[in-house]
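Remember, predicted model here, so these are calculated numbers, not experimental data.
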Amino acid sequence: MSTQSTPGIDDAGTTDHPSRSDGFVRGLSGAIGGPLGDHATALDRPAGQERRFWTAVRIVLALACLTLALHWVQKSPCQDGAWQNNVQYNRFCYTDVLALYYAEGLNEGKVPYRDHPVEYPVLTGYFMGALGLPVHAIGKGDPSINQGQWFYNLNALVLGALAVATVAVILALRRRRPWDAALFALAPALLLTATVNWDLLAIGLAAFGLLAWARRQPVVAGVLLGLAGAAKLWPLFLLGPILVLALRANRLRAALTALGAAVVAVVLVNLPAYRANPDNWGRFFELNTTRPIDWGTLWYIGRYLDGKVGNDPGEQGPFEWLNTNIPTLNTISYALFGLACIGVAVLALRAPRRPRLAQLAFLVVAAFLIFSKVWSQQFVLWMLPLVVLARPKWGAFLAWQLAEVCYFVAFYGELLGAATSRPVFPEGVFVLASTLRLATVVTLCVLVVREILHPEQDAVRATYADDPDGGVLDGAPDAPWLDRWRRPATNPDPEPETAAATATTT
């Protein structure tokens, strides 16, 4: 039985209510009278047909705006740029956006890549220049304005709009499950890190790319994912799951079209900066090649546990040796990520039912961060929309977010200790927080893999017949050649109604 909907049209069906379908939320709801009842207003009306003003969609969008407003307040002590007495650390309000307005020469009117090397991929540099150079021009005519504060607030406004747009995309992809988007809208990670850097630029573009793919527009999807990858490299990884799933579904033409469009977009965006100054353009790649082990990574945890840190190679432990032999560190890190991607591809081909795109996308991006030598505090935002689309269950999600908050606090303690030469916490506290963050991400990966192998436990499949993000893959049969790869299923896939009753939470 197929319940596919026409692309771009509201799905028929009733709205999912977490107090009924999510075991964690159902348990919490007992404190306020239990799950929503059968006769609640508009409970069983088709999604998108509620007659109240405060529909689920509007509530979630309002919550996102509230979270971003609170984030702006949380960052307000740093907005004037007068960072005295380490206020940026003891008030948890540091942001690259303000710091790099001066460090990248925007306050002097320098054009990114042409006049000054930029440590980010080109679209992020263009974005910085597009907002920073007009602020500088206005500041030259009016010295009374605080250029850095204007630049930060303008960035906060645009990045906040992109965050709200990302929530809107999640809502569009989950018309029957609008409350899933509340995971993103209320995430503590969004509250704490939304404007630490320009990651929301890539996240917004990638989200629209996934929406275009879901609406069966592979060229538009490829262009948007290519633009996102020109802002931060990780969105390009999403093309891998698209290709593998298209291979399994015998829909390679659409996937290759998206891949080709992405490559063209990346080349066209990079070409002007490369031609203007190849050395300045290559600064991003140079930094990523030469950076040692960074705070909070798997490799950093290994260095601490090893305990053998020193300048003498004979006294160095293996992790410290890698820290001083960066080419080898790079090779091992990339190799582990490559092996993880191969594992995800094998999983996608051998799973009893074709996995959903969001599930594989999350696994690939999570694997990149797990094995990367750099895991900045705001990188949590990369996984946020993918987790919501891949596994919209509150229990493990909140555990992960709690770990991220602990890491956030410990990280700023580490920064403050480095700035004052007086440790705020013992080093073990920071390593413990890093380990908890890593462990919760690995746990999410395990849970997603479990639901791929046991699709009857997938909350999204309990609501949709196949993959609402799949586009041309949604409802497509597997390619005939795959029979020898597929792992025999002991039980047939349940109908959505049955799966709804059996979906569980962690």
Side-chain angles (χ1 to χ4, degrees), residues 1-9 11 169 172-175 205-229 235-266 341-365 385-386 389-390 448-449 451-453 455 458 460-461 463-489 492-493 496:
M1 181 179 68
S2 174
T3 58
Q4 274 186 258
S5 60
T6 303
I9 305 299
D11 294 315
V169 168
L173 291 170
R174 295 291 183 272
R175 293 183 183 276
L205 289 170
F208 279 107
L210 290 176
L211 180 62
W213 176 260
R215 292 184 172 177
R216 309 189 181 203
Q217 299 174 333
V219 174
V220 178
V223 169
L224 288 168
L225 289 174
L227 291 175
L236 297 177
F237 300 153
L238 305 186
L239 294 166
I242 288 175
L243 282 170
V244 173
L245 293 174
L247 178 65
R248 175 164 177 166
N250 200 23
R251 294 292 190 273
L252 270 177
R253 181 177 179 179
L256 291 174
T257 299
L259 176 61
V263 170
V264 171
V266 170
C341 289
I342 292 173
V344 171
V346 172
L347 174 67
L349 295 175
R350 294 187 62 89
R353 184 174 180 179
R354 189 173 62 247
R356 293 186 292 107
L357 172 58
Q359 291 174 317
L360 297 191
F362 167 72
L363 291 176
V364 169
V365 174
L386 299 178
L389 296 174
V448 169
V449 170
E451 292 181 358
I452 289 174
L453 296 176
D458 184 354
V460 176
R461 291 198 188 278
T463 312
Y464 292 91
D466 192 17
D467 183 3
D469 313 323
V472 297
L473 308 173
D474 186 25
D478 283 338
W481 61 265
L482 194 69
D483 288 343
R484 63 188 178 88
W485 278 84
R486 296 184 63 178
R487 183 180 305 164
D493 292 331

* Non-hydrogen side-chain atoms of V365 and L238 separated by less than 4.5 Å -> yes
* Candidate pair D467 and R461, rule salt bridge (Lys or Arg N to Asp or Glu O under 4.0 Å), full reasoning -> CA-CA 7 Å; D467 183 3; R461 291 198 188 278; over 6 Å; no
* **Side-chain touch T257/V219, heavy atoms, less than 4.5 angstrom** => yes
* L482 vs N250 side-chain heavy atoms within contact, under 4.5 Å -> no
* Which pair of non-hydrogen atoms, one from A255 and one from A246, has the smallest distance, and what is that distance? -> CB-CB, 3.4 Å
* Structure fact -> Nearest heavy-atom contact between V364 and P241 is CG2-CG, 4.0 Å
* Asked: Should D469 and R174 count as an ion pair when the cut-off is N to O under 4.0 Å?
  -> yes
* Rounded to the nearest 0.5 Å, what's the gap from CZ on R251 to CZ on R216? Could you check? => 8.5 Å
* May I ask you to test the L386-L210 pair for a side-chain heavy-atom distance under 4.5 Å? => yes
* Structure fact -> Rounded to the nearest 0.5 Å, the CD1 atom of I452 sits from the CZ atom of R350 at a distance of 14.5 Å
* Minimum heavy-atom distance P355-L245, with the two atoms named -> O-CD2, 3.5 Å
* For residues W213 and A221, report the shortest heavy-atom separation together with the two atoms involved. => N-CB, 3.5 Å
* To do: For residues L360 and A348, report the shortest heavy-atom separation together with the two atoms involved.
  => CD1-CB, 3.5 Å
* Structure fact -> One should read off an interatomic distance between L473 CG and L357 CG, to the nearest 0.5 angstrom, of 7.5 Å
* Asked: D458 versus Q359: any side-chain heavy-atom pair under 4.5 Å?
  -> yes
* To do: State the OH-CZ distance between Y464 and R175, to the nearest 0.5 angstrom.
  => 8.5 Å
* Give a yes or no answer on whether the side chain of R354 reaches the backbone of D466 with a donor-acceptor pair at less than 3.5 Å. => no
* To do: Answer whether the closest heavy-atom distance between the side chains of L173 and P468 falls below 4.5 Å.
  => no
* Does any non-hydrogen side-chain atom of L243 lie less than 4.5 Å from one of L247? -> no
* To do: Verify side chain to side chain contact (heavy atoms under 4.5 Å, CB included) between L363 and V449, making sure each step is shown before the conclusion.
  => CA-CA 8 Å; L363 291 176; V449 170; 4.0 Å; yes
* Asked: Is there a side-chain contact between V344 and V244 (heavy atoms, below 4.5 Å)?
  -> no
* Is there a donor-acceptor pair closer than 3.5 Å between any side-chain N or O of R248 and the backbone N or O of D478? -> no
* Any chance you could measure L224, atom CG, to L211, atom CG, to the nearest 0.5 Å? => 9.0 Å
